[in-house]
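Sequential numbering from 1 along the given sequence is applied to the chain's residues.
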Amino acid sequence: MTLTVGDLAPDFELPNAEGEVIKSQDLRGKWVVLYFYPRDNTPGCTKEACGFREAYADYQDSDIVVLGVSTDDAKSHTKFATKHNLPFPLLVDEGGAIASSYGSYGLKKFMGKEYMGITRSTFVINPEGHLAKIYRKVKPEPHAQEVLADIAALSAST
């Protein structure tokens, strides 16, 4: 099943790097940016995370929750967040079950090898818990500003 704009966002309960469980149900009433990325400390993922870091004050001013998700463990997330001063939670999706429910986990190819992993994608969830925007082809550097602008437009039209 492919998710489309307007669908109810799949529920999730995932631990952050400190072990605190973040539940989608607890985020109702807020705009949520749920972005899936392949690996901590890789060039594209670092650019994307730092883009969200640079725009984070604007996200906070608009009461938007930003959550990064990968299959890396809590220790890796802690190192990544500390090294790059990331002010938002990174969630641990061991095994990729939540990424799978969002259609963001599957067969990938790199340098002639095939493996299972997260594909870079972002989902904007509106305050009612529905998907308001889906990004399947993400360019890491301009992405955070693009998402912020799109949420501003979406919230202005509601």
Might you work through the side-chain contact (heavy atoms from CB on, under 4.5 Å) test for L131 and L8, ending with a clear yes or no? CA-CA 6 Å; L131 296 171; L8 194 59; over 6 Å; no

[atom1]-[atom2] distance between [X] and [Y], expressed to the nearest 0.5 angstrom:
X	Y	atom1	atom2	value
Q145	L148	CD	CG	6.0 Å
D40	T71	CG	OG1	8.5 Å
I64	I125	CD1	CD1	12.5 Å
T122	E146	OG1	CD	8.5 Å
I134	T2	CD1	OG1	9.0 Å

Using the rule given for side-chain contact (heavy atoms from CB on, under 4.5 Å), can you reason through W31 versus V33, listing the C-alpha separation, both sets of side-chain angles and the distance that settles it, and then say yes or no? CA-CA 7 Å; W31 286 91; V33 174; over 6 Å; no

Student check: side-chain heavy atoms of [X] and [Y] closer than 4.5 Å:
X	Y	value
P87	R53	yes
N41	H84	yes
I22	L67	yes
D26	K23	yes
C50	N85	no

Can you check side-chain contact (heavy atoms from CB on, under 4.5 Å) on F80 and D72, steps first, answer last? CA-CA 10 Å; F80 184 48; D72 292 310; over 6 Å; no

Could you tell me whether the side chains of Y105 and D93 share a donor-acceptor contact shorter than 3.5 Å? no

Expected output: side-chain [X] to main-chain [Y] donor-acceptor under 3.5 Å:
X	Y	result
N16	L91	no
S24	F12	yes
T42	R39	yes
Y35	V69	no

Angle class for the H143/F52 ring planes (parallel below 30°, perpendicular above 60°, tilted otherwise)? perpendicular

With under 30° as parallel and over 60° as perpendicular, where do the rings of F36 and F123 fit, or are they tilted in between? perpendicular

State, to 0.1 Å, how close [X] and [Y] come at their nearest heavy-atom pair, and which atoms those are.
X	Y	result
S155	A152	OG-O, 3.2 Å
P38	S70	O-CB, 4.2 Å
A17	T78	CB-OG1, 3.3 Å

Full working for side chain to side chain donor-acceptor pair (under 3.5 Å) between S121 and S104: CA-CA 7 Å; S121 52; S104 298; 2.5 Å; yes

With E114, which residues qualify under salt bridge (Lys or Arg N to Asp or Glu O under 4.0 Å), at least two apart? K109

Would E48 and R120 pass as an ion pair if we require N to O under 4.0 Å? yes

Between D7 and K133, is there a salt bridge with N-O shorter than 4.0 Å? no

Show every side chain to side chain donor-acceptor pair (under 3.5 Å) that has at least one partner inside residues 54-65, sequence neighbours left out. K30-D63

Check step by step if side-chain contact (heavy atoms from CB on, under 4.5 Å) holds for H77 and D73. CA-CA 6 Å; H77 279 348; D73 62 22; over 6 Å; no

